[in-house]
Amino acid sequence: MTVVTRFAPSPTGFLHIGGARTALYNWLFARHHAQFGDGGRFLLRIEDTDRKRSTNEAVDAILDGLTWLGLDWEGEAVSQFARRDAHAAAAERLLAAGHAYRCYCTPEELATMRERAMAEGRKSLYDGTWRDRDSADAPAGVAPTIRLKAPQDGETVIEDLVQGRVTVANAEMDDMVLLRADGTPTYMLAVVVDDHDMAISHVIRGDDHLTNAFRQIQLYNALGWSTPVFAHIPLIHGADGAKMSKRHGALGVDAYRDLGFLPEAICNYLLRLGWSHGDDEFISRDQAIEWFDIDAVNKGAARFDMAKLTNLNGHYIRNADDARLTELVMRDLHARHDGKLAVGAADRVKMGMSGLKERAKLIPELVDFAEFYALPRPLLMNDKASTLVDSEARIHIAGLYKELAGIDDWSESVVDAAVHAFAERESLKLGKIAQPLRAALTGTTTSPGIFEVMAVLGRDETLARLNDVLNDNAAGSA
RNA sequence: GCCCCCUUCGUCUAGUGGCCUAGGACGCUGCCCUCUCACGGCAGAAACAGGGGUUCGAGUCCCCUAGGGGGCGCCA
């Protein structure tokens, strides 16, 4: 059987982190079966039946988010709203077959019904007032909803790939609304009809939908359709253990991008949050496709841990391509300095990237580190750096300047040897000269290895920066 | 309130009755490496929610309690 999965977000906001994980699992499951099984397809459906809350901006944000994460879907995204005729037709068919009926209760009547049920300690259910009543009794001027005539005895069972066998008594469920008074389909009807028509084989979604699944199974049965396989994955909780919702600290994937996370780090983190493959932590996309299986998905909710995500991001930055990182860094650098960068800044940043990326966990950190390569002289020094360049240090720098000025064959190993020789001759510990050098050349107290910095900067720029310090050309401390 | 689900270090997790004096990762602490900061290496503190069973033997199976989560819309 070929596997068909789907991600079905409602476009009422950004693609949040929980949604991203659901999409990832669906994508991975389909890809796995495409590569190692009998075929797999991943589809996208926008659940926009709630016209009041759906926006095109949200649709774009979701599409952008998925694209950025590298989760591509097959074909065009399906608009649920556009399929309303098919939904209505299914409801009419149920009505004709006697599996559904018209309900003339007003929203006010239903509200009091709910309150009373709650007060009496019962589950708040529709009491079935119109289930067996003749439509001839209908009050004038009330547009009816169409409700499913759900089974009242027995139980509904779901064999969930994650949660296992879950059973609920049919008496626990009321007759759900299929078509609203205005003729538009409800979510329950729309999902079932769409999943069926899209030939979805596996429904993988958050376990907040677990109880919905029971009602959906009733609908599938009434419609005479076979049910897809369900897999309800646990929700992601915030650091405080409470659910992570849009109004409770959940960020959109775009926010994580702006914070400086790489998509592969987010995917790796999300994959490991609630799923595992032994002790493996760093999992490439190819490995994920090969290894991913619903069996290994945990049942309990997991807390979102920014520190671990950040650590993972550092790993992916260190392993990222220099040209790609340079592009990201230069874009930010231009924005930060209004385009006022040194000539050849991008080349220096790229050349120095291998040393830079070793020390950053987030892209903005990388930008901070790269700044000294890209800025025009004279460099501004931060406070710690300027205190390092005291009168004694200046004497050393002056001496070293003469030494370095004599070098024609400028390379990391040559300047390294020159500085070491100088330190030895002056009976200085290397740090005594390396730190002031770092302050002078980078304006900071932390940077990649100082000889690497000198090599990337080149002979002329290195000497010019040293000269700036010796002549107090620096524009002051930053 | 009612229904459903969950429960191993602070966090993510390994663990499918004996290999567990419970392993890995993040974070934390100490040491090493070292021109700074990282990276890396080594070491350390840190968990089977509680109580009953079943069994020769339970983190692993069953029951109860507690705690947590989700659902109960003419929202999705």
Roughly how many Å is it from [atom1] in [X] to [atom2] in [N], rounded to a whole number?
X: A:F304; N: B:C12; atom1: CZ; atom2: P; result: 12 Å
X: A:N298; N: B:U16; atom1: CG; atom2: C1'; result: 13 Å
X: A:H232; N: B:C3; atom1: NE2; atom2: P; result: 21 Å
X: A:K361; N: B:C37; atom1: NZ; atom2: C1'; result: 10 Å
X: A:Q216; N: B:C72; atom1: CD; atom2: P; result: 12 Å
X: A:D208; N: B:G71; atom1: CG; atom2: P; result: 5 Å
X: A:N212; N: B:C3; atom1: CG; atom2: P; result: 18 Å
X: A:L325; N: B:A38; atom1: CG; atom2: P; result: 20 Å

Between [M] and [N], how far apart are the [atom1] atoms? Round to whole Å, please.
N: B:C2; M: B:A45; atom1: C1'; result: 45 Å
N: B:A47; M: B:C12; atom1: P; result: 16 Å
N: B:C26; M: B:U21; atom1: C1'; result: 25 Å
N: B:G41; M: B:C20; atom1: C1'; result: 27 Å

Between [options], spot the one nearest the side chain of [X], thanks.
X: A:E172; options: B:C2, B:C35, B:G40; answer: B:C2
X: A:T446; options: B:A76, B:C74, B:C37; answer: B:C37
X: A:L430; options: B:C12, B:C3, B:C35; answer: B:C35
X: A:E358; options: B:C39, B:C74, B:A14; answer: B:C39
X: A:L210; options: B:G70, B:C35, B:C4; answer: B:C4

Write down the protein N/O and nucleotide N/O pairs, taken from nucleotides 20-26 of chain B, whose separation is under 3.5 Å; answer none if there are no such pairs.
residue : atom : partner : partner atom : Å
B:G23   : N2   : A:D279  : OD1          : 2.7
B:G24   : N2   : A:R272  : NH2          : 3.4
B:G24   : N2   : A:E281  : OE2          : 2.9
B:A25   : O4'  : A:E281  : OE2          : 3.2
B:A25   : N3   : A:K308  : NZ           : 3.0
B:C26   : O3'  : A:N311  : ND2          : 3.3
B:C26   : O2'  : A:K308  : N            : 3.3

Mind checking who [N] pairs with, Watson-Crick or G-U wobble, both distances under 3.5 Å?
N: B:G18; value: B:C56
N: B:G27; value: none
N: B:C72; value: B:G1
N: B:C37; value: none

- Nearest-nucleotide check on RNA chain B, A:P185 vs A:Q163; residue mapping nearer the 5' end is A:Q163

- Message: Both A:T167 and A:T211 contact RNA chain B. Which one's nearest nucleotide lies toward the 5' end?
- Response: A:T167

- Message: Looking at A:L262, is its backbone amide N or carbonyl O close enough to the side chain of A:N313 to form a donor-acceptor pair, meaning the two atoms are under 3.5 Å apart?
- Response: yes

- Message: For the aromatic rings, using the six-membered ring if either is Trp, is the centroid distance between A:Y25 and A:H202 under 6.0 Å?
- Response: no

- Could A:R359 and A:F369 be counted as a cation-pi pair, given that NZ or CZ must be under 6.0 Å from the ring centre and within 45° of the axis? no

What's touching nucleotides 62-69 of chain B from the protein side, N or O pairs under 3.5 Å?
none

Is the shortest side-chain N to carboxylate O distance from [X] to [Y] below 4.0 Å?
X: A:R272; Y: A:E281; answer: yes
X: A:R83; Y: A:D197; answer: yes
X: A:K299; Y: A:D207; answer: no

Any N/O pairs under 3.5 Å between the protein and nucleotides 45-51 of chain B? List them or say none.
none

